[in-house]
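The sequence lines fix the lettering, A, B, ..., with proteins before strands; numbering per chain opens at 1.
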Number of protein chains: 2
Amino acid sequence: MPPTPSTFLNGVPELLVLRLLRDREMYGYELVQAIREASADQLTFAEGVIYPLLHTLERDGALSTRRQTINGRSRVYYSVTPTGRERFDALSAHWRTLTGAIANVLEAPRHA
Amino acid sequence: MPPTPSTFLNGVPELLVLRLLRDREMYGYELVQAIREASADQLTFAEGVIYPLLHTLERDGALSTRRQTINGRSRVYYSVTPTGRERFDALSAHWRTLTGAIANVLEAPRHA
DNA sequence: TTGACATACCTATCACCGCAAGGCATATAC
DNA sequence: GTATATGCCTTGCGGTGATAGGTATGTCAA
């Protein structure tokens, strides 16, 4: 029984979305591909993951939205709010702490 | 709404259990504390996480067990089987790939 | 013009897994 | 004698990624 496809990915979509939106505003469909491209196809999160996440983050005040119609198609652009920025900083720090601790356990010479 | 306590931890208990048991056989109660100690209290997984995981890994053939009674208390020692070793190697490789990819996205200068 | 594909949004349902909170039993120490 | 540590276990909840849909418009080739 191989590991689930989502192994090690808990919380990662949120971390990456906040990270990418920190650089510039983007819309959902764009984010889906930006994540894939920024990770050289190593990370792929489908729309069914990204859209609900964006809605949650907006509801929590971490993101703000701006609607715009381009070529007859409507886009919803997301930006990081100060709250979202704090959230990213906290998440990012948590990420570094955990991965550091895990790396130490994995690489330790031996566990008596 | 702060992140869940389990953010970024999906799959980590399995990774650490297999890693620790790679060095030597251990019993469940011992593993709970070994993880905490090996990570300098950064990672703590309670018995409600570790025991079911051990049962699953044994059922999947990744671990083998040996029962022993010591001081009137019975212990169940777990060892990694060849299947478990392969599983650890795969998990470990997956872990490195993902964390590497995520690090790249996080640390990239800017995302056009 | 029709059909395929990309764009762009959305939702509902499922499966998995860490977490919390218990329960049971024995040994040791105060 | 009762608290603490040891050592095993289970049930139920909640969060979240995965899957698999649905709707609509624009573009491009057959």
Side-chain angles (χ1 to χ4, degrees), chain A residues 1-18 25-37 39 42-60 63 65-78 91 94 98 102, chain B residues 1-18 25-37 39 42-60 63 65-78 91 94 98 102:
Chain A
M1 230 167 295
T4 310
S6 72
T7 303
F8 301 137
L9 293 182
N10 184 299
V12 171
E14 177 174 343
L15 181 69
L16 297 184
V17 162
L18 289 172
E25 67 172 6
M26 297 176 94
Y27 52 98
Y29 189 81
E30 185 184 13
L31 271 165
V32 169
Q33 307 173 136
I35 290 175
R36 182 155 35 77
E37 288 166 15
S39 70
Q42 298 289 329
L43 284 340
T44 296
F45 299 104
E47 303 172 20
V49 172
I50 300 303
Y51 283 117
L53 171 59
L54 291 172
H55 301 159
T56 301
L57 289 175
E58 184 190 10
R59 182 167 40 73
D60 291 357
L63 299 179
T65 60
R66 177 176 72 83
R67 265 145 240 278
Q68 187 171 357
T69 298
I70 294 189
N71 297 337
R73 289 193 212 82
S74 121
R75 294 176 178 173
V76 184
Y77 282 91
Y78 291 87
L91 261 186
H94 193 207
L98 290 182
I102 293 164
Chain B
M1 232 170 289
T4 309
S6 71
T7 304
F8 301 138
L9 292 182
N10 185 301
V12 171
E14 178 174 344
L15 182 69
L16 297 184
V17 162
L18 289 172
E25 68 172 3
M26 297 174 95
Y27 52 98
Y29 189 81
E30 185 183 14
L31 272 164
V32 169
Q33 308 174 129
I35 291 175
R36 181 153 37 78
E37 289 166 14
S39 69
Q42 298 288 330
L43 284 340
T44 295
F45 299 104
E47 303 172 18
V49 173
I50 300 303
Y51 284 118
L53 171 60
L54 291 172
H55 301 159
T56 301
L57 289 175
E58 184 189 11
R59 181 169 39 75
D60 291 358
L63 299 180
T65 60
R66 177 176 71 83
R67 264 147 242 276
Q68 186 170 358
T69 297
I70 294 189
N71 298 338
R73 288 193 215 82
S74 120
R75 293 177 179 171
V76 184
Y77 282 90
Y78 290 87
L91 262 186
H94 193 208
L98 290 182
I102 293 165

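- Note on B:Y51: every side-chain N or O is 4.0 Å or more away from OP1 and OP2 of D:dC9.
- Nucleotide C:dC19 holds its P atom 14 Å from the CZ atom of B:F8, rounded to whole Å.
- Computed from C1' positions of five pairs at each end, the angle between the two local axes of the helix from C:dT1-D:dA30 to C:dC30-D:dG1 equals 0°, rounded to 10 degrees.
- Listed here is the closest heavy atom pair of B:S39 and B:I35: OG-O, 3.0 Å.
- Nucleotide D:dC9 holds its C1' atom 16 Å from the OH atom of B:Y27, rounded to whole Å.
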What pairs of nitrogen or oxygen atoms, one from the protein and one from nucleotides 16-19 of chain D, lie under 3.5 Å apart?
residue: D:dT16; atom: OP1; partner: B:T4; partner atom: OG1; Å: 3.4
residue: D:dG17; atom: OP1; partner: A:G11; partner atom: N; Å: 3.1

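- Residue A:Q33 places at least one side-chain N or O closer than 4.0 Å to OP1 or OP2 of C:dT7.
- For B:L54 and D:dT10, the CG to C1' distance is 15 Å, given to the nearest whole Å.
- Among all heavy-atom pairs drawn from A:T7 and B:N10, the shortest one is CA-OD1, 3.5 Å.
- Between B:I50 atom CD1 and C:dA20 atom C1' there is a gap of 15 Å when expressed in whole angstrom units.
- Counting only heavy atoms from C-beta outward, the side chains of B:L63 and B:L18 approach each other to under 4.5 Å.
- Taking only side-chain nitrogens and oxygens, A:Y29 comes nearer than 4.0 Å to OP1 or OP2 of C:dT7.
- For B:E47, the salt bridge (Lys or Arg N to Asp or Glu O under 4.0 Å) test picks out no residue, with sequence neighbours left out.
- At whole-Å resolution of the value, CZ in B:R36 and C1' in C:dG18 are 17 Å apart.
- The distance between atom CD of B:E30 and atom C1' of D:dA5, rounded to the nearest whole Å, is 15 Å.
- Remark: B:H55 pairs with no residue by the ring pair (Phe, Tyr, Trp, His ring centres under 6.0 Å) rule, at least two apart or across chains.
- Aromatic ring orientation, A:H94 versus B:F8: tilted (interplanar angle from 30° to 60°).
- C:dC17 atom C1' lies 15 Å from atom CG of B:L16, rounded to whole Å.
- Residues B:R36 and B:T44 approach most closely at CD-OG1, 3.3 Å, considering heavy atoms.
- Taking every heavy atom of residues 65-77 of chain A and every atom of DNA chain D, pairs under 4.0 Å involve A:N71, A:G72, A:R73, by number.
- The side chain of B:H55 places no N or O atom within less than 4.0 Å of a non-bridging phosphate oxygen (OP1 or OP2) of D:dC8.
- The salt bridge (Lys or Arg N to Asp or Glu O under 4.0 Å) check on A:R73 picks up nothing, with sequence neighbours excluded.
- Rounding to the nearest 0.5 Å places CG of A:L16 at 10.5 Å from CG of A:L91.
- Proximity of B:V12 to B:F45: side-chain heavy atoms (C-beta onward) are separated by under 4.5 Å at one or more points.
- Distance CG/A:L43 to CD/A:E37: 13.0 Å, rounded to 0.5 Å.
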